[in-house]
Amino acid sequence: MQLPLLSCGLLGLLATQVAATALTYKVHANERACFYTATQNKDEKIAFYFAVQSGGSFDIDYEVTGPNGKYIMDGQKERQGDFVFTAREVGEYSFCFNNEMSTYTEKFVDFEIAVENEARVTIPSKQGSSPEQTSALEESLFKLSGQLSTITRNQKYFRTRENRNFSTVRSTEQRIVNFSIVQILMIMAMGALQVFIVRFFFQGARKGYV
């Protein structure tokens with residue numbers, strides 16, 4: 001009964017090492033939206049992921065700045081990004097999305113900001129468990145954490161592709177509907193024009209033209 005309790009304790013300690021925020025935000029036209037996170041220690045790892053789910057050409061401008069307004073990275077008209085960098089300074093980091101290039105199109109952006117302290121916690125050994133068991137279980141949990149992170153990123157990637165493909169399908173459907181309406185209107189206009197021409201030739205003084 002000691003190992004399940006030890007596993008719960010390890011998972012709890014691992015969970016305290018990562019602070020993450022995952023959101024979906026609607027960036028309006030001509031809007032600049034910024035989000036912030038703070039580090040407590042030097043050399044912490046910050047993971048930044050974003051993907052444009054809908055709107056326009058599925059692209060947006062972004063920039064990441066550190067304390068004192070120092071630029072860390074930026075990009076223009078990017079569809080998605082997945083970055084990890086080391087926070088060399090303690091303080092507040094900002095992550096901004098800029099949709100000022102769009103005059104009327106709003107965009108939905110999925111993003112996640114995670115701050116992780118790479119230092120591993122010393123796991124207290126439970127009564128009745130050997131150090132070898134504790135070490136093996138700890139390594140297994142760290143491997144499991146990495147695999148779960150990979151699965152999560154793959155899910156985000158496939159979700160982004162699904163949303164973009166669905167948006168393309170909806171756009172294609174709308175174009176087909178619009179084209180069909182235009183065809184119907186053109187057929188009706190041609191029919192009305194033919195009736196007018198026939199009536200023109202068969203009216204009173206115009207009969208001599210037949």
Side-chain angles (χ1 to χ4, degrees), residues 12 14-119 145-175 177-178:
L14 287 174
T16 60
Q17 294 304 296
V18 180
T21 300
L23 295 171
T24 299
Y25 185 78
K26 179 170 68 174
V27 186
H28 295 278
N30 298 317
E31 180 185 4
R32 174 185 170 89
C34 294
F35 303 86
Y36 304 89
T37 189
T39 58
Q40 304 298 326
N41 304 292
K42 290 185 62 175
D43 297 332
E44 288 185 331
K45 295 294 183 180
I46 299 180
F48 174 47
Y49 165 86
F50 75 91
V52 181
Q53 299 295 336
S54 64
S57 301
F58 302 97
D59 57 359
I60 200 165
D61 299 343
Y62 74 93
E63 63 180 36
V64 181
T65 57
N68 302 321
K70 294 181 179 179
Y71 279 92
I72 297 176
M73 64 179 70
D74 61 2
Q76 288 76 40
K77 296 184 178 180
E78 297 288 344
R79 292 191 166 192
Q80 65 184 71
D82 192 355
F83 312 99
V84 178
F85 62 93
T86 302
R88 300 299 183 185
E89 300 180 20
V90 176
E92 188 176 69
Y93 290 77
S94 66
F95 303 81
C96 297
F97 298 105
N98 190 342
N99 196 28
E100 294 178 351
M101 61 181 175
S102 297
T103 55
Y104 61 89
T105 303
E106 59 187 22
K107 299 176 181 178
F108 284 87
V109 181
D110 279 357
F111 68 95
E112 181 176 353
I113 302 169
V115 179
E116 179 179 358
N117 190 341
E118 288 188 321
S145 176
Q147 292 172 353
L148 288 175
S149 177
T150 300
I151 292 173
T152 301
R153 292 181 184 276
N154 288 336
Q155 287 178 331
K156 291 177 180 177
Y157 171 74
F158 287 118
R159 179 188 176 189
T160 299
R161 288 194 60 181
E162 179 186 8
N163 289 339
R164 291 176 181 172
N165 292 337
F166 185 67
S167 178
T168 301
V169 170
R170 285 189 300 178
S171 176
T172 303
E173 288 178 347
Q174 188 62 44
R175 291 181 182 181
V177 171
N178 293 340

Query raised in the report: Nearest heavy-atom pair of Gln53 and Phe58: which atoms, and what distance?
Result: O-CE2, 3.4 Å
Query raised in the report: Minimum heavy-atom separation for Gly56 to Thr105, with atom names?
Result: N-CG2, 3.2 Å
Query - Interatomic spacing from CD in Gln76 to CD1 in Ile60 - rounded to 0.5 Å - result: 12.0 Å
Query raised in the report: How long is the span from the OG1 atom in Thr172 to the CD atom in Gln174, to the nearest 0.5 Å?
Result: 10.5 Å
Report task. State whether the number of non-hydrogen atoms from other residues, nucleotides or ligands found under 6.0 Å of Glu100 atom CD is greater than 12. Result -> yes
Requested in this report: Could you check Phe111 against Phe97 for ring pair (Phe, Tyr, Trp, His ring centres under 6.0 Å), going step by step and ending with a plain yes or no?
Outcome: CA-CA 10 Å; Phe111 68 95; Phe97 298 105; 5.5 Å; yes
Query raised in the report: Are side-chain heavy atoms of Tyr93 and Pro67 found at a separation under 4.5 Å?
Result: yes
Report task. Tell me, with the steps shown, if Phe50 and Phe48 meet ring pair (Phe, Tyr, Trp, His ring centres under 6.0 Å). Result -> CA-CA 7 Å; Phe50 75 91; Phe48 174 47; 5.6 Å; yes
Query raised in the report: Tell me, which pairs form a salt bridge (charged side-chain N to carboxylate O under 4.0 Å, His left out) where one or both residues lie in residues 74-84, sequence neighbours left out?
Result: Asp82-Arg153
Query raised in the report: At their closest point, which heavy atom of Phe35 faces which heavy atom of Ala33, and how far apart are they?
Result: CE1-CB, 4.1 Å
**Report entry** Summary of side chain to side chain donor-acceptor pair (under 3.5 Å) pairs that have at least one residue in residues 59-70, sequence neighbours excluded
**Finding:** Arg32-Glu63, Asp59-Lys107, Thr65-Ser94, Lys70-Glu89
Query raised in the report: Judged by atom type as modelled, is there a donor-acceptor pair below 3.5 Å linking the side chain of Asp110 to the main-chain atoms of Ala51?
Result: no
Query raised in the report: Do other residues, nucleotides or ligands put more than 12 heavy atoms under 6.0 Å from the CZ atom of Phe85?
Result: yes
Query - Least distance between heavy atoms, Ala87 atom then Ile46 atom - result: CB-CD1, 3.9 Å
Report summary line: Separation between OG1 (Thr39) and CZ (Arg88), nearest 0.5 Å, reads 12.0 Å
Report task. Give, for atom OH of Tyr36 and atom SG of Cys96, the distance between the pair rounded to the nearest 0.5 Å. Result -> 5.5 Å
Query raised in the report: Asp43 and Thr86: side chain to side chain donor-acceptor pair (under 3.5 Å), yes or no, with the steps?
Result: CA-CA 5 Å; Asp43 297 332; Thr86 302; over 6 Å; no
